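Just so you know, these numbers come straight off a predicted model, no measurement behind them. Reckoned from all heavy atoms, side chains included, excluding hydrogens, waters and symmetry mates. Starting from 1, each residue takes its place in the sequence as its number.
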Amino acid sequence: MVYSLCQTLNMLSEKKFSSAPKLYDQNGDLNQYWYITYRDSKGRKIKVSKGINNHPTAHGRRKAAKAIIQEIYNKEKARFYHKPRKKANDYLEIRKPSWAKKTYETNKSKVSIFFDWLGFRDVTKNTVEAFFEEYLMQRKAKTYNSYQVVLKQVFRAGLKLDVDYLFSDVEKRKNKGNTAVYFTANQVKLLSVHMKTHDRELWLAVQFVYYCYIRPREELRYLRVSDVQLEENQI
């Protein structure tokens, strides 16, 4: 039996979903796993339970499921109709060609997380402060500070907001990074001998990185033989 709660919500057209959220209640059997499933606007299948099965009665489980489905609808509605969010996403798309793929995806993720948390509230000094206090306070300083950088940029350029005012009480946190640990001379010798003997390609890659300051993931991976000009001593 599939128990649908969508009609009771009357919040958002089902056109925003490939398939609307439904509760699978296992014919009321409390010994089985109850869950909600749906396909979002991009066709991705999502499965959610969020504590439904912690309730000892069928009534309790259905009530919890109704609240979860309502939350799903609210988030989808916010994605489409929250004007500040739309402006922020428009700005991200404008900047996309000038950013590396990873930069774009990271920035978009941070913006999405903020607006999912925000819901239909306005972007104000109070909501910005609350986001950093409630959502990010337990995160690492590096993550906490990077959210500031990204959101300030998007709010300033995309939403035309006074970020100096919005973030006036959001302080930058000190990053307690780990001290760099270097290989000892003996370790360097041991590793070099091992690579020269057992993995010549790895040894060549290490030399490119060490002597030529080439980044392994973004540059060395795409390096071709034709890129190395031996006569000119250039890469």
Side-chain angles (χ1 to χ4, degrees), residues 5-6 8-18 20-21 36 38-44 46 48 50-51 64 66-177:
L5 299 171
C6 301
T8 64
L9 296 173
N10 192 26
M11 289 185 179
L12 181 66
S13 168
E14 292 187 7
K15 293 180 181 179
K16 301 307 178 187
F17 298 94
S18 295
I36 295 165
Y38 66 97
R39 291 187 182 274
D40 65 13
S41 56
K42 295 183 179 180
R44 295 172 299 193
I46 312 295
V48 185
K50 279 189 177 180
K66 182 176 180 180
I68 293 170
I69 292 177
Q70 180 175 340
E71 180 183 353
I72 293 170
Y73 269 75
N74 283 341
K75 285 185 176 180
E76 285 298 312
K77 187 176 179 181
R79 289 180 188 277
F80 285 91
Y81 298 113
H82 193 270
K83 290 183 179 179
R85 182 172 195 152
K86 184 179 184 306
K87 289 182 179 179
N89 287 333
D90 288 345
Y91 171 75
L92 291 172
E93 292 306 309
I94 291 172
R95 290 299 311 274
K96 183 178 181 179
S98 63
W99 284 335
K101 181 181 178 181
K102 185 176 181 181
T103 301
Y104 167 76
E105 291 175 348
T106 300
N107 292 350
K108 186 174 183 179
S109 175
K110 286 180 169 58
V111 170
S112 295
I113 287 171
F114 172 78
F115 280 105
D116 283 346
W117 174 89
L118 185 68
F120 290 104
R121 292 174 291 176
D122 293 328
V123 180
T124 66
K125 187 173 184 295
N126 288 337
T127 54
V128 168
E129 290 175 17
F131 174 71
F132 280 88
E133 290 178 1
E134 296 174 12
Y135 186 82
L136 290 173
M137 188 54 68
Q138 302 303 319
R139 304 296 180 92
K140 294 181 180 179
K142 183 178 181 181
T143 302
Y144 184 94
N145 293 335
S146 67
Y147 266 90
Q148 287 193 50
V149 173
V150 172
L151 294 180
K152 280 183 179 180
Q153 180 182 3
V154 173
F155 292 171
R156 180 188 293 111
L159 277 61
K160 309 301 181 185
L161 297 174
D162 182 357
V163 295
D164 292 334
Y165 170 72
L166 289 178
F167 289 82
S168 59
D169 291 330
V170 180
E171 297 181 357
K172 186 175 181 179
R173 290 166 59 181
K174 292 183 179 180
N175 187 10
K176 299 179 181 178

Please tabulate, one pair per line, all N/O donor-acceptor pairs under 3.5 Å involving side-chain atoms of residues 160-167, not counting sequence neighbours.
residue: Lys160; atom: NZ; partner: Ala157; partner atom: O; Å: 3.2
residue: Asp162; atom: OD1; partner: Asp164; partner atom: N; Å: 3.2
residue: Asp162; atom: OD1; partner: Tyr165; partner atom: N; Å: 3.4

Result block: side-chain N/O donor-acceptor pairs under 3.5 angstrom for residues 90-101, not counting sequence neighbours:
residue: Asp90; atom: OD2; partner: Lys86; partner atom: NZ; Å: 3.1
residue: Tyr91; atom: OH; partner: Arg95; partner atom: NH1; Å: 3.1
residue: Tyr91; atom: OH; partner: Gln153; partner atom: NE2; Å: 3.1
residue: Glu93; atom: OE2; partner: Tyr104; partner atom: OH; Å: 2.4
residue: Arg95; atom: NE; partner: Ser98; partner atom: OG; Å: 3.1
residue: Ser98; atom: OG; partner: Arg95; partner atom: O; Å: 2.8

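Here CD1 of Ile72 is found 5.0 Å from CD1 of Ile36. Values are rounded to the nearest 0.5 Å.
Within the structure, ring pair (Phe, Tyr, Trp, His ring centres under 6.0 Å) pairs that include any residue of residues 136-158 comprise Phe114-Phe155, Phe131-Tyr147, Phe132-Tyr144 (at least two apart or interchain). The stretch residues 123-141 participates, sequence neighbours left out, in these salt bridge (charged side-chain N to carboxylate O under 4.0 Å, His left out) pairs: Lys125-Glu129, Lys125-Asp169.
When every heavy atom of Leu159 is checked against every heavy atom of Pro84, the shortest pair comes out as CD1-O, 3.6 Å. Of all non-hydrogen atoms in Tyr73 and Ala20, the two that sit nearest each other are OH-CB, 3.7 Å. The shortest heavy-atom contact between Leu151 and Lys110 is CD2-O, 4.4 Å.
Side-chain contact between Asn89 and Phe115: absent, with no pair of heavy atoms (C-beta onward) separated by less than 4.5 Å. Side-chain contact between Asp122 and Thr127 is absent, with no heavy-atom pair separated by less than 4.5 Å. Considering only heavy atoms from C-beta on, Leu118 comes within 4.5 Å of Val123 through its side chain. With a 4.5 Å cut-off on side-chain heavy atoms, Met137 and Arg173 count as touching.
Scored by the side-chain hydrogen bond (donor to acceptor under 3.5 Å, both in side chains) test, Glu105 finds no partners at all (sequence neighbours excluded). Under the side-chain hydrogen bond (donor to acceptor under 3.5 Å, both in side chains) criterion, Thr106 pairs with no residue, sequence neighbours left out.
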